[in-house]
Amino acid sequence: MSKLATATKRLLLGRPFRSDRLAHTLLPKRVALPVFASDALSSVAYAPEEIFLTLSVAGIASFAFAPWIGAVIVVVMLAVVASYRQNVHAYPSGGGDYEVATVNLGRHAGLTVASALLVDYVLTVAVSISSAAANIGAIIPWVSSNKVVFSVIAILLITAVNLRGIRESGAAFAIPTYAFMVGVFIMIGWGLFRIEILGDTVQAASAGLKLKDDNEHLMGLALIFLVLRSFTQGCAALTGVEAISNGVPAFQKPKSRNAATTLLMLGLIAVTMFMGIIALARDTGVVLAENPKEQLLNAPDGYVQQTLITQLANAVFSDFTPGYWFITAVTALILVLAANTAFNGFPVLGSILAQDRYLPRQLHTRGDRLAYSNGIAFLAAFAVLLVIGFEADVTKLIPLYTVGVFVSFTMSQTGMIRHWNRLLRTETDTRERRRMKQIRAINAFGLLMTGSVLIIVLITKFTRGAWIAIAAMAAIFLLMNAIRRHYDSVASEVELHMRDRQNATLPARNHAVVLVSQLHLPTLRALAYAKATHPDALEAVTVNVEDGATRALTAEWEKLDIKVPLKVIESPYREITKPVLDYVKRIRTANPRDVVTVFIPEYVVGRWWEQVLHNQSALRLKGRLLFQPGVMVTSVPWQLQSSAKVTDKPVVAPGAIRRGLEPGHQAVDKKS
């Protein structure tokens, strides 16, 4: 079983890496960009569409607001990118928003941000994969009817790739991400060139459709609310921007500069694609509706509304079908790969939180391939649960989304403002003070924008599912505090103080007890080892479960003239564990300053089914005895021949060949 599991693990993950190869797994900028930017870039595929869908409630005339809304989102994104470039320089350890909030706003603020990010990472995976399933389902009917199965399989595949190591996952995701970027830029550039320079008529398939007007949304506060709602929907384009600041340790040196450069490239690419798609949508006359059946007045029977980017590709490449299929394919693919951003951000943040004792320490350790395997596995498990629980339905998942990322944005901006205020109090250089004030102004503007978005998101989405994300954040916040209290309590309890060293006293006596089930070689070895420890008192103990067997054991004990006294404990209910525990407790009660050492003979077997047949009583005993104060438990192993097959090489003791002993056979102390 162990060999099969090991072989399977090696097949899936590859050979383990030495710790000194960690530097070889770090990412250069050309690989880091697709690794950390896939989420932010993939949002370009649906964020502009969300703007048009929201505005469609007020009719086609309201689409005139789309470029202006997009421009404001671009300003917010550039402000956030500029702010996070300062984050990676000021806090390069990879803590990102968590570290910024903790250092500048306090521990509780840091945990609030950490809770929000952890929830958002899980939702990123669930939403991205579910969205990919919806898009691919339009081309492949099987995916449409089996979205949950497809989503789970996709999550497991991405998990396996990430478990192989960040360098290999980066290489695997680089080609599709770059293909998406190149494809979208070619589509935007060629489309605008045909329209603006060549004067061609490029129209989307939906250009002739008419929307039902709702004049109530074009007046006063209703119009403002509609525009703000459209703005918050389009702000989905900002999700994923924070991933780079959380993943600085994964970059090659100089880490901060490479991370800042990658963040700048991400921002410029994302805003260009974002505004290009909006401009192309306006020029091609795309018409989108939140509810096509009710809003579209002249739609033909059986009309199926395609996504925005698919309509644009169909219009621009009307004379070149492979171009349309290429854009459709890479868009669907990058939506799958968008989850990879979370698979890089979640484990790093989990490792930092574990190092700070807010999460289990297992999340801090790297696996065979120098990736944070436990964090990757946790993220995959929670994402699978979300996908199954919400049936891979994007409509059900979206209300939970974006809350966490805007909580982290807002807290981070607030923390950075306090960071610059603290530095300004001690800085005397005029030029440096001017630079700090300019950056603080950017952070303040970012705080205003992200804070406003957060408030609007909470108002418009709270009853539609955002409360679930908020409740999850609160639960994780409380859980992390409880974990920290536990670790602090353990550290305080086991901490060595000088007074403890001065007051420490040795036990008065060591009372050794060898447990005996039958008289065989493992028992003789346990007796010999117990003698070798030179205890003050030594006795063998057996539990009388069956009278005939116990009488045979005592007779053979006397026949071999073993010098260790054998004590029989009665067990009228045929139990083994409780009588032994009661006996040990009686020894401790009679002599509180004594230490009782219990020696348990155990078989060591090599086959999985042998594990089931042996050692169950020993395991139960050890599990109970470990909780008894003043009791030491010692396992005395006896390696059966099948166990020799588990080791890579038989271990031959010095002089074993001279004495005629084969590997795997054990010598018996003749004096026992």
Side-chain angles (χ1 to χ4, degrees), residues 33-34 36-54 66 69-70 73-74 77 123-140 143 147 151 154 158 173 175-189 191 204 206 230 233-241 243 266-267 269-282 284 286 288 305-317 323-342 392 394-395 397-398 401-402 405:
L33 179 62
F36 290 104
S38 55
D39 180 23
L41 293 178
S42 70
S43 64
V44 173
Y46 55 81
E49 182 177 349
E50 291 297 321
I51 296 176
F52 286 98
L53 287 173
T54 306
I69 295 172
I73 293 173
V74 166
M77 179 177 288
L123 283 167
T124 295
V125 177
V127 171
S128 298
I129 297 297
S130 300
S131 178
N135 281 269
I136 297 174
I139 304 173
I140 305 175
V143 176
K147 289 193 296 182
S151 299
I158 295 176
F173 297 136
I175 295 176
T177 304
Y178 281 122
F180 173 77
M181 288 190 289
V182 171
V184 172
F185 275 126
I186 291 176
M187 181 185 71
I188 294 171
S206 60
S230 178
Q233 294 293 96
C235 280
L238 275 71
T239 58
V241 173
L266 165 62
I269 292 171
V271 297
T272 304
M273 294 169 64
F274 181 76
M275 289 303 297
I277 289 175
I278 291 178
L280 191 59
R282 292 285 293 146
T284 57
V286 171
L288 296 169
Q305 180 172 274
Q306 294 184 339
T307 61
L308 172 60
I309 200 165
T310 303
Q311 291 193 49
L312 294 179
N314 191 27
V316 172
F317 299 112
Y324 164 74
W325 285 104
F326 177 78
I327 295 295
T328 304
V330 295
T331 301
L333 184 58
I334 198 173
L335 284 168
V336 175
L337 302 185
N340 188 61
T341 300
V394 179
T395 304
L397 287 167
I398 281 292
Y401 200 32
T402 70
V405 72

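Note that the coordinates shown come from a computational prediction; the quantities given were computed from them, not determined experimentally. What you see below is based on every heavy atom in this structure, not just the backbone, and it leaves out hydrogens, waters and symmetry mates.
We find the OG1-CG distance between Thr54 and Leu288 to be 10.5 Å, quoted to the nearest 0.5 Å. Note that CD1 of Ile309 and CD1 of Ile327 are 6.5 Å apart. Values are rounded to the nearest 0.5 Å. Atoms CD and CD1, from Glu49 and Ile277 in turn, are 10.0 Å apart once rounded to the nearest 0.5 Å. The structure places CD1 of Ile186 at 12.0 Å from CE of Met181, a figure rounded to the nearest 0.5 Å. Atom CD1 of Ile269 and atom CZ of Phe274 lie 16.0 Å apart (nearest 0.5 Å). Taking CD1 from Ile129 and OG1 from Thr124, the interatomic distance works out to 11.0 Å, rounded to the nearest 0.5 Å.
Residues that satisfy the side chain to side chain contact (heavy atoms under 4.5 Å, CB included) test with Val330, not counting sequence neighbours, are Ala179, Phe180, Phe326. For the side chain to side chain donor-acceptor pair (under 3.5 Å) test, residues two or more places apart in sequence or in another chain that qualify with Glu50 are Gln233. Judged as a side chain to side chain donor-acceptor pair (under 3.5 Å), and not counting sequence neighbours, the contacts of Thr310 are Thr307.
When all heavy atoms of Ala392 and Ser151 are compared, the pair lying nearest together is CB-OG, 3.7 Å. When all heavy atoms are compared, the tightest approach of Ala342 to Val125 is CB-CG2, 3.6 Å. For the residue pair Ser43 and Pro48, the shortest heavy atom distance occurs at O-CD, 4.0 Å. In terms of heavy atoms, Ala270 sits closest to Met77 at CB-SD, 3.9 Å. Taking both residues in full, the closest heavy atoms of Ala47 and Gly234 are given as CB-O, 3.6 Å, listed atom of the first, atom of the second, then distance. The two residues Ser206 and Gln311 have their closest heavy-atom pair at OG-OE1, 2.5 Å.
Considering only heavy atoms from C-beta on, Ile188 stays 4.5 Å or farther from Val316 through its side chain.
Remark: side-chain polar atoms of Ser230 are paired, donor with acceptor, to backbone N or O of Ile51 under 3.5 angstrom.
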Practice prompt. Given side chain to side chain contact (heavy atoms under 4.5 Å, CB included), test Leu312 with Val286 step by step and report yes or no.
Written response: CA-CA 8 Å; Leu312 294 179; Val286 171; 3.8 Å; yes
Practice prompt. Starting from the C-alpha separation in whole Å, work towards a yes-or-no answer on side chain to side chain contact (heavy atoms under 4.5 Å, CB included) for Ile69 and Ile278.
Written response: CA-CA 10 Å; Ile69 295 172; Ile278 291 178; over 6 Å; no
